[in-house]
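This report refers to the structure that appears directly beneath it.
Residue numbers run from 1 in the order of the sequence given. Every value quoted in this text rests on a predicted model; they were computed, and no experiment measured them.
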Amino acid sequence: MGFLSDLLNSIKAVIIMILANCFSLGLLFLGVIHQEIMLLYIGSFMFGSIYSVGAVGIPMLTHYFFGNENYARTYSFIGFLTNVGSASSLTLIGYLYDFTQSYQMVFIIALCFHLINLILLVVICLRYNGVGDK
């Protein structure tokens, strides 16, 4: 993601990685439905792209929107919330699998959250760029 942000910018890099993860979730969903092992391998490999969003993307976006002056104070709060969300989602994934005996619902919910995140990111970027701060 660092290479992509240097090449394009932080926003586009995060969007590309989220879209890559959406594609991987689609492959996993299809692999589970059709019992295609190759789709599951490729989707699982590509699913690792989500870790770049949490490890690099969130700090980059925080720095992009809040600058050096407010980064430390803002990122500590955002980091706390993302970690609580991550821990909660792992528990939810386990419960959903226990109740449904399938990961299909998990993949659908993850895709919905990705779409919500993309929409929010676009709305924030439009409002941020409209302010004229940068």
| request: Evaluate whether atom CZ of Phe23 has more than 12 neighbouring non-hydrogen atoms of other residues, nucleotides or ligands under 6.0 angstrom away. | output: no
| said: Return the CD1 to CG distance between Ile15 and Leu8, rounded to the nearest 0.5 Å. | reply: 10.5 Å
| Any side-chain heavy atom of Pro59 within less than 4.5 Å of one from Tyr64? | no
| field | Interatomic spacing from CG in Leu28 to CG in Leu39 - rounded to 0.5 Å | value | 9.0 Å
| message | With rounding to the nearest 0.5 angstrom, report the CG to CD1 distance, Leu25 to Ile50. | response | 7.5 Å
| query | Can you name the closest pair of heavy atoms from Ser44 and Leu40 and give their distance? | reply | OG-O, 2.6 Å
| request: State the CG-CG distance between Leu121 and Leu126, to the nearest 0.5 angstrom. | output: 9.5 Å
| remark: CD1 of Ile16 to CD1 of Ile11, rounded to nearest 0.5 Å, is 12.0 Å
Side-chain donor-acceptor contacts of residues 31-38 below 3.5 Å, not counting sequence neighbours, with atom names and distances?
{"residue": "Gln35", "atom": "NE2", "partner": "Val32", "partner atom": "O", "Å": "2.9"}

| query | Would you say Ser86's side chain and Thr82's backbone share a donor-acceptor pair under 3.5 angstrom? | reply | no
| task | Could you state whether Phe77 and Val84 fall into the same hydrophobic cluster, counting links through intermediate Ile, Leu, Val, Met, Phe, Trp or Tyr residues with side-chain heavy atoms under 4.5 angstrom apart? | result | yes
| field | Heavy-atom side-chain contact between Tyr103 and Leu96 under 4.5 Å | value | no
| field | Non-hydrogen atoms of Met46 and Ala20 that approach each other most closely | value | CE-O, 3.8 Å
Listing, residues 105-118 side-chain donor-acceptor contacts under 3.5 Å, not counting sequence neighbours, or none:
{"residue": "His114", "atom": "NE2", "partner": "Asn21", "partner atom": "OD1", "Å": "2.6"}
{"residue": "Asn117", "atom": "ND2", "partner": "Phe113", "partner atom": "O", "Å": "3.2"}

| field | Same apolar cluster: Tyr95 and Tyr97, side chain cutoff 4.5 Å | value | no
| task | Using the six-membered ring wherever Trp is involved, compare the ring planes of Tyr75 and Tyr71 and label them parallel, tilted or perpendicular (cut-offs 30° and 60°). | result | parallel
| query | Roughly how far, to the nearest 0.5 Å, is the CG atom of Asn9 from the CG atom of Leu4? | reply | 10.5 Å
